[in-house]
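Right, one structure below, let's go through it.
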2 protein chains.
Amino acid sequence: MADLLSVAKLAGVSRATAARAFSTPDLVRDTTREKIFHAAQQLAFRPNKVAQQLRLQTTQMIGVMVPSLDNPVFAEQLQAMEVAARACGYSLIVTTSEYDASRENEIVEEMLRQRVDGLVLTVAEADKSAVLTQLHQETTPCLLVYNPPGNSGFPSVGVDNHAASEAATRYLITLGHQQIGMVAGPLLQSDRARQRYEGYCLAMQAAGLAPSPLIEMPRHTQADLKSLAPHLHGDNALSALICTNDLLAISLIGELQRAGLSVPNDLSVMGFDGIALGKYVYPSLCTVEQPRADIGRAAIHTMLNMIQGERPVLTPLPYVLRKGESVGALTTRKTPPGISSRSVA
Amino acid sequence: MADLLSVAKLAGVSRATAARAFSTPDLVRDTTREKIFHAAQQLAFRPNKVAQQLRLQTTQMIGVMVPSLDNPVFAEQLQAMEVAARACGYSLIVTTSEYDASRENEIVEEMLRQRVDGLVLTVAEADKSAVLTQLHQETTPCLLVYNPPGNSGFPSVGVDNHAASEAATRYLITLGHQQIGMVAGPLLQSDRARQRYEGYCLAMQAAGLAPSPLIEMPRHTQADLKSLAPHLHGDNALSALICTNDLLAISLIGELQRAGLSVPNDLSVMGFDGIALGKYVYPSLCTVEQPRADIGRAAIHTMLNMIQGERPVLTPLPYVLRKGESVGALTTRKTPPGISSRSVA
DNA sequence: TTGTACGCGTTATCAT
DNA sequence: ATGATAACGCGTACAA
């Protein structure tokens, strides 16, 4: 591919003049600039960003790491980040960690070698992340997304999971529910999920209710009725559930309906995240909506500020309690049909 | 950040030797190599990829452009691409075009300046894409994803939309449906959507049935009952629908249920794409599943071959007709309740 | 206004 | 086995 030197030669000027025609056009006479542009066009010249990056010691690239793109939460956030970054002249290097610590390490190392101007990461657990502690040695600015700003020492953009979860729980209590459970993926995998459980417990206790132990699903984004069935009958049968993410909630609602139960008549189900699709399913998903696009944009703009050397000042973004058909007021009801241990076996 | 020269000095060797210690370790004596590694560690040396890229004239980066990440089809494909690329030592620069032609241009130009080793694109319409015709002038290999391999002149990985749509239609016909309609976003926006409509028409005609005109929704991924209501009663009331994508289908099913209709009893609804969530909603989505992960992986591996200079040989990937609860056999029924033009107004 | 010359951090060729 | 040196393509301080 043609380089500046060949353009300069064709235009009959020195390489420096050709370079100036592009970087500082007003420093070169109109006529010669035209000559240069013309030559560039003829040779299909295209500035080499790699050389620019080396010379200017900045890549205008931001390294992004999310756990997975199979979860629309991250995909929707990334979508907003990409648009925002591009609007500011930045490109995104996108990687997925799959919640794997060793992968997280490799990815960050790779990005640092690539000399990205900044890192925007979502890690499994910010407080006990080897990557993050190691990153403190580096000068490359780093920003977390979704991870609660605990003692990781890095700024973070996201909502207050604690408060959001409390609000969700209180909402269900307001509707008369007393037997409320929380459903999560395996092992309370992420720090967000843990905070959400804590918020739930606090809200329950504040209302004089007993929090139930966490109900763990075998998979992070797919519900399984078997794990749930024991909690749906008997004296302490739950009348409402909060799921730690929307995919879990939607698939749970599907499973319940498939088992002949009605949501919300037999059981109210609430989600967490606010993915777009939740508005369109039936029953529509009642959920705590995180402003995913706002989060993505805020992450980019904050990161750009950090790159400029500013110290970020971050206040949690506002969550929205999105009402939906999957949650209803508590109604007295008999033991629901079709949910005996036999029918779900 | 420390560079090779400072490492060399600290280790008491020349820059060349230091470089060799990393690139060709066996060409340097064990003891000196140790010295060099030690020095590198002390200085927290980290190879500069930008310099390598300039020197080696290869970035090990692939430029990826998808229409949007808000649609799980692309997100799920990208997820697979990222994993596959990373496994081969490549990074991904990810961009979203939002189906905007001018954005497509800017993005591709930007990526070429970045000297990506290859481009993997999904454009709105491969046949009439300004970007693609211009790309023929370039030497950077380019591969399409999802776009049918028409006369764009570029290889493409994806399923045979035509055949897949025919198969879907035939499936409905097999179940006894005769009044089958197809629902799409506005303007038959993408070449895929058009092919799917053509496939539907062909299958209908082959069965001696009359294809219905396309039913257009105001938005690409969100259904609207008003546009549909006219087709649901009267002599030619439809008994089955095929949507051009899964999001449309899922939201349509939601709307129908909300209007008091039963899917599939009153109306069978079929999707297209096979996003993961479709399996978990109720009724589960009957759809034509594109192997999104396979497509993503195949795209990367094909691209790597193209970068090696090989000419790609591409056969369409197999689609799978995923059965689901949203489609049932035709049953005689009266005009469904609650769908009069009044009730949806 | 334009040209000369250096450096960004590597790899690779040629000597030694 | 190691060292000196020339690229890779560009931006810019300095000189003219």
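Reminder, nothing fancy here: chain letters follow the sequence lines and each chain counts from 1.
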> Is a side-chain donor-acceptor pair under 3.5 Å present for A:Asp70 with B:Gln79?
Replying inline: no
>> Rounded to whole Å, please give me the gap between CZ in A:Arg20 and C1' in C:dT4.
In response: 10 Å
For residues 137-144 of chain B, please give each side-chain donor-acceptor pair under 3.5 Å, one per line with the distance, not counting sequence neighbours.
residue  : atom : partner : partner atom : Å
B:Glu138 : OE1  : A:Arg46 : NH1          : 3.0
B:Glu138 : OE2  : A:Arg46 : NH2          : 3.2

> Mind checking whether B:Phe45 and B:Phe22 have ring centres under 6.0 Å apart?
Replying inline: yes
>> Go nucleotide by nucleotide along DNA chain D from the 5' end; which of B:Leu54 and B:Asp26 gets its closest nucleotide reached first?
In response: B:Asp26
> Reckon A:Leu27 touches a base, only the sugar-phosphate, or nothing at all at heavy-atom distances under 4.0 Å?
Replying inline: base
> Who passes ring pair (Phe, Tyr, Trp, His ring centres under 6.0 Å) against B:Tyr90, sequence neighbours left out?
Replying inline: none
>> Need one value for A:Val50: base, sugar-phosphate or nothing, where a base atom within 4.0 Å counts as base even if backbone is also close, heavy atoms only.
In response: nothing
> When the distance from CZ of B:Arg113 to C1' of D:dG11 is rounded to whole Å, what number comes out?
Replying inline: 16 Å
>> Measuring to OP1 and OP2 of D:dC10, would you say a side-chain N or O of A:Gln53 lies under 4.0 angstrom away?
In response: no
> Does OP1 or OP2 of D:dG3 have a side-chain N or O of B:Thr17 closer than 4.0 Å?
Replying inline: yes
> What integer distance in Å separates A:Leu4:CG from D:dC8:P?
Replying inline: 13 Å
>> Using whole Å, what does the distance between atom P of nucleotide C:dT2 and atom NZ of A:Lys9 come to?
In response: 20 Å
> For the pair made of CD1 in A:Ile36 and C1' in D:dC10, what is the distance, rounded to whole Å?
Replying inline: 14 Å
>> By the 4.0 Å heavy-atom rule, please label B:Phe45 as base, sugar-phosphate, or nothing.
In response: sugar-phosphate
> Rounded to the Å, how far apart are A:Leu5 CG and D:dC8 C1'?
Replying inline: 12 Å
> Between A:Thr32 and C:dT1, does any side-chain N or O lie under 4.0 Å from OP1 or OP2?
Replying inline: no
> Got a donor-acceptor contact below 3.5 angstrom from the A:Thr59 side chain to the A:Gln53 backbone?
Replying inline: no
> Would you call B:Glu106-A:Arg86 a salt bridge at under 4.0 Å N-O?
Replying inline: no
>> For A:Arg29 and B:Pro47, find the nucleotide of DNA chain C closest to each by heavy atoms; which residue's nucleotide sits nearer the 5' end?
In response: A:Arg29
> Starting at CZ of B:Arg33 and ending at P of D:dT2, how long is that distance when rounded to a whole Å?
Replying inline: 10 Å
>> For C:dG9, does the base pair up with any side-chain atom of A:Arg55 as donor and acceptor (N or O, under 3.5 Å, distance only)?
In response: no
> Which nucleotide sits closest to the side chain of B:Arg15: D:dA6, C:dT13, D:dT12?
Replying inline: D:dA6
> Quick one: is A:Gln57 getting a side-chain N or O under 4.0 Å of the C:dG9 phosphate, OP1 or OP2?
Replying inline: yes
> For the side chain of B:Arg46 and the base of C:dG9, is some donor closer than 3.5 Å to an acceptor across the two?
Replying inline: no
> For A:Met1 and B:Ala16, take the nucleotide of DNA chain D holding the closest heavy atom to each; which residue's nucleotide lies nearer the 5' end?
Replying inline: B:Ala16
>> How many whole angstroms separate atom CG of B:Asp3 from atom P of C:dC8?
In response: 8 Å
> In terms of side-chain heavy atoms of B:Ala51, which of D:dG3, C:dT2, C:dT10 is nearest?
Replying inline: C:dT10
